[in-house]
Asker: 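Quick one: the structure is below, questions incoming.
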Number of protein chains: 2
Amino acid sequence: MPETAIKDKCKRCMLYADSRLFCAQLSEDELCELSDRSRTLSMKRGDTLEDEALAHWPIVAIDGGVLSMQHLLQDGRKTIAAFFMRGDILDLRNVTNRNRGALIALGKVSLCRLSPAVFEQVMAQNAKAQKVIWENLRDQAFRAFDHSGDIAKKQALEKLASFIFECRNRQEHFGKTELIEIPVRRIDLAEYLGMQPETVSRCFKDLEKRGILEAQSLGAVRITNVPLLRRIANGDKDVSTGRDGEGGIKILKIA
Amino acid sequence: MPETAIKDKCKRCMLYADSRLFCAQLSEDELCELSDRSRTLSMKRGDTLEDEALAHWPIVAIDGGVLSMQHLLQDGRKTIAAFFMRGDILDLRNVTNRNRGALIALGKVSLCRLSPAVFEQVMAQNAKAQKVIWENLRDQAFRAFDHSGDIAKKQALEKLASFIFECRNRQEHFGKTELIEIPVRRIDLAEYLGMQPETVSRCFKDLEKRGILEAQSLGAVRITNVPLLRRIANGDKDVSTGRDGEGGIKILKIA
DNA sequence: GCCCCGGATTGATCTCGATCAACATTTGCT
DNA sequence: AGCAAATGTTGATCGAGATCAATCCGGGGC
């Protein structure tokens, strides 16, 4: 077998199979070198990427599943600051643990610890790959800015509506259907949105009662009234308080 | 004057004068080309970077002042998702306005709209410059993750304490003093932390009453009890609720 | 299949911070 | 400097969502 044959582990990995993702941008030689010097890892719910492991492998690329960044307060309160999913690349080189939360899997996660040396080399040489990782990091940052805005002033119902749209934006679209996958448990969702699981539950029920969405299961919903959900997400009080029961008649107050 | 003479506008700009920032990494030729194809801009409180202007100049480097990213809800509620300060570089190429808030100055801001072509060229050629902008974007992302965690579950007092530490981390250290500059108004601070100006005011007063900090003016405070403020920021309920009036005696519950 | 247990739901109560209102102070403009 | 408008502070009241408590699932292991 020639030195440059693409490894099976890479052929099975979405980072290579999806033409928009990082490994698909690499030349055969680059991919093989990166592959040889990198290590895949499977995690299950609750597993943590330990500091010690991260010191050696500070660059992590997500193949599938949902990895969370969690902040733990001293009295036990917990928050999820971010979700990382397929295609996301985390560069934790020189990130002091002061401003980095724990990285914890929220289900089965498969990821690849990339060799920092090869990563750096590819970043310097391969403009296409550089563009992909730059845009990925930029997306992560903008998603975080958005999320900060969402949880700062929005009410519970509005936060949940925004989150459903965030899921919709991130998932590969299943045709034209408004079937949205919710890839995390209620409890994680609550921690991400800064609310209690009880409140999340109540808000889902409220949206169902108003005919805005249907629960398919705990892990998926179908939006039955996209414009109305959008208005709630955008903080239109006349809708979110339920005063306008018929829905969608009132003219939007577009700034 | 030779073609490669460094322009006055660059000599006066901290992006060049501070050796850690972007323009200081460039060769004289690179700097001059970038300078020729870029445009400085001064803004005053309330000025907005318009979409139209950003379409032509999507890359913005902050020389000084505080620029905010604001999200406006339909009923008038407003949140500040992020602060951008000296050295921050915003790359808004291909960012749909859907997930980008308005960019509004919170005081006098001086910035430089960088030529995308030259920026891209420098990013491809100059490894040192590439490292600086990569790390800057990474800092922005991690700061946003942190901030999301802060505002999701923390109480008002805890959020304010965290914010004071955020200011402390970001400012160039004035010697060893615990004098912290608060570079934004109360009202902006409230929008950033997802609370009301009244609450911000009450929390500052509370921290003063407890002897944890002294207000020097609206724009600066001196921390007089750093460990206690840290415990509040970290969500130690025994402290933040004021039950432990003497402060600092109780043993920390480190997880 | 059955058991088991973490997660999800539902209901009742309470609290922190939002809101409203009045007043003080700072900032910006001429 | 002096005025007007914007911002900040203080006090009183109210409500959305946290908290507490009691079930109710659903899916993984044997």
Asker: For residues B:Glu166 and B:Tyr192, is any side-chain donor paired with an opposing acceptor at under 3.5 Å?
Answerer: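 Yes, B:Tyr192 and B:Glu166 have a side-chain donor paired with an acceptor closer than 3.5 Å.
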Asker: According to side chain to side chain donor-acceptor pair (under 3.5 Å), who are the partners of B:Lys159, at least two apart in sequence or on a separate chain?
Answerer: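 Checked B:Lys159 against side chain to side chain donor-acceptor pair (under 3.5 Å); zero matches.
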Asker: Residues of residues 185-196 of chain A with any non-hydrogen atom less than 4.0 angstrom from an atom of DNA chain C: list those, numerically ordered, please.
Answerer: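 Residues of residues 185-196 of chain A that come under 4.0 Å of DNA chain C are, in numerical order, A:Arg185, A:Arg186, A:Ile187.
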Asker: Hey, could you give me the CZ/CD1 distance between B:Arg231 and B:Ile212, rounded to the nearest 0.5 Å?
Answerer: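 If I round to the nearest 0.5 Å, the distance is 10.0 Å.
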Asker: Can you identify which nucleotide, out of C:dG7, D:dA18, C:dT10, has its nearest atom closest to the A:Ser201 side chain?
Answerer: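 Closest nucleotide among those given: C:dT10.
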Asker: Restricting to side chain to side chain donor-acceptor pair (under 3.5 Å), what partner residues turn up for A:Ser110, sequence neighbours left out?
Answerer: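 In terms of side chain to side chain donor-acceptor pair (under 3.5 Å), with neighbours along the sequence ignored, A:Ser110 is linked to A:Asp63.
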Asker: Which pair of heavy atoms, one from A:Thr224 and one from A:Glu214, lies closest together, and at what distance?
Answerer: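 Between these two residues, the closest heavy atoms are CG2-OE2, 3.6 Å.
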Asker: Taking CG from A:Asp206 and P from C:dT10, how many angstroms apart are they, rounded to a whole number?
Answerer: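 The distance from CG of A:Asp206 to P of C:dT10 comes to 12 Å, rounded to the nearest Å.
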Asker: Which letters describe nucleotides 20-30 of chain D, given B = protein heavy atom under 4.0 Å from base, S = only from sugar-phosphate, - = neither?
Answerer: BB---------
Asker: In chain order, what residues pass the side chain to side chain contact (heavy atoms under 4.5 Å, CB included) check against A:Arg39, with sequence neighbours excluded?
Answerer: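 Checked A:Arg39 against side chain to side chain contact (heavy atoms under 4.5 Å, CB included); matches are A:Trp57, A:Arg113.
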Asker: Starting at NZ of B:Lys209 and ending at P of D:dT9, how long is that distance when rounded to a whole Å?
Answerer: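 Interatomic distance, NZ of B:Lys209 to P of D:dT9: 14 Å.
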Asker: Would you work out how much the helix from C:dG1-D:dC30 to C:dT30-D:dA1 bends between its ends, with each end axis defined by five base pairs, to 10 degrees?
Answerer: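 Taking five pairs per end, the axes differ by 70°.
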